[in-house]
Number of protein chains: 2
Amino acid sequence: MRHTYHDVEFCATRVALSLLAGKWKPIIFFHLFSGPRRFSELWRDIPRVSKKVLLEQLRQLEAAGLVERTVHNGFPPEVTYQLSTKGAELAPILRRLDQWAVTHIEGVVQIS
Amino acid sequence: MRHTYHDVEFCATRVALSLLAGKWKPIIFFHLFSGPRRFSELWRDIPRVSKKVLLEQLRQLEAAGLVERTVHNGFPPEVTYQLSTKGAELAPILRRLDQWAVTHIEGVVQIS
DNA sequence: TGAACAGGTTACCAGCCGGTAACCTTCTTG
DNA sequence: CAAGAAGGTTACCGGCTGGTAACCTGTTCA
């Protein structure tokens, strides 16, 4: 059995896009580009996302190996999320995509 | 009202990704990178996609301004799809994403 | 003693997205 | 005159994704 990118199951780009697919994932990414963030920080800084959904997206990113979750013992509980090496290597690609969007799509805003 | 990329509605990357979101779109893209293709060619060359769904994806890409549809009069009917300038400018970005996926995701295959 | 905070979890629901299968129209060819 | 090819369209359906709202656990502080 020969696999080519014609085969949707093995198309690298499709699989990559599926890891980024999710309403809040790009925003999470841009927040994590500048370093680790606590759960509550992300929840505060990303408007209109529910705890449940934010957590779901983070877990999916973690499962994909793009994000690492660290629990720091102590009180109050502190859990931080940060990009893995693999995840960080997406940064330049996402920035170029951002650039493309800003020049080609109206009403859209550049990352800070 | 201030818009920042923190606002999911205006996050450029999210909007860009939403244009590419669709099971068959990356594959369609890679087929169109090498030039215009007839509908029946795409349908023949992309395994397991139904006419209806392929057409849907093409129409969405067209609506997004990434693909142009041309009807050539004559018989048999001939309709070709090709990337717009805007769409073609995504090529290098998608190729980098493909590269990233090939080096980081197992079982995934590079575009030819 | 009970409120507040961090980081979750649970139940439940609506809408979208991709999927199958059959059908349509126009023209050409055997 | 029937079949076939090109490019669709239509009816219908199941599962995934994102959404709301309420609840839980453990510790500290007033």
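Sequence lines set the chain letters: A, B, ... in the order given, protein chains first and strands last, and positions in each chain run from 1. Treat the numbers as computed from the prediction; the structure is a model and nothing was measured.
A close approach under 4.0 Å does occur between a side-chain nitrogen or oxygen of B:R38 and OP1 or OP2 of D:dG7. B:Y81 has no side-chain polar atom (N or O) that falls below the 4.0 Å cut-off from OP1 or OP2 of D:dG7.
Residue-level contact check: A:Q57 touches the backbone only, with heavy atoms under 4.0 Å from sugar-phosphate atoms and none from bases. A:K23 comes within contact range of the sugar-phosphate backbone alone, with a heavy-atom separation under 4.0 Å but no base atom that close. If you check every strand for non-hydrogen atoms under 4.0 Å, B:R59 touches sugar and phosphate atoms only. A:S40 comes within contact range of the sugar-phosphate backbone alone, with a heavy-atom separation under 4.0 Å but no base atom that close.
With distances taken from any side-chain atom of B:E56 to the nucleotides C:dG18, D:dG7, D:dG26, the minimum falls on C:dG18. Comparing D:dG19, D:dG7, C:dT20 against the side chain of A:W24 picks out D:dG19 as the nearest. With D:dG7, D:dT28, C:dC27 as the candidates, the nucleotide lying closest to the side chain of A:F75 is D:dT28. Listed nucleotides: C:dG7, D:dT20, C:dG19. Nearest to the side chain of A:F39: C:dG7.
Atom CH2 of B:W43 is separated from atom C1' of D:dT9 by 14 Å (rounded to the nearest Å). If you measure from atom NZ of A:K25 to atom C1' of D:dG18, you get 11 Å, rounded to the nearest angstrom. The CD-C1' distance, from B:E78 to D:dA5, rounds to 13 Å in whole Å. Spacing between atom CG of A:L54 and atom C1' of D:dT20 amounts to 15 Å, rounded to whole angstrom units. The distance between atom CZ of A:R44 and atom P of C:dG7, rounded to the nearest whole Å, is 10 Å. Taking atom CZ of residue A:R14 and atom C1' of nucleotide C:dC17, one finds them 12 Å apart after rounding to whole Å. When the C1' atom of C:dA6 is taken as reference, atom CG of A:L55 falls 12 Å away, rounded to whole Å. Rounded to whole angstrom, the span from the CD1 atom of B:I46 across to the P atom of D:dG7 amounts to 14 Å.
The nearest heavy atom of DNA chain D to A:P76 and to B:K51 marks one nucleotide each, and the one closer to the 5' end goes with B:K51.
In this model, no side-chain donor or acceptor of A:K52 finds a partner on the base of C:dG8 within 3.5 Å.
Here the closest heavy-atom approach between residue B:I27 and residue A:C11 is recorded as CG1-SG, 4.0 Å. B:L97 and A:A16 get closest at one heavy-atom pair: CG-CB, 3.8 Å. The shortest heavy-atom contact between A:V71 and A:V79 is CG2-CG2, 4.3 Å.
Within 6.0 Å of CH2 on B:W43 lie no more than 12 heavy atoms contributed by other residues, nucleotides or ligands.
Applying the side-chain contact (heavy atoms from CB on, under 4.5 Å) criterion to A:T103, with sequence neighbours excluded, gives A:Q99.
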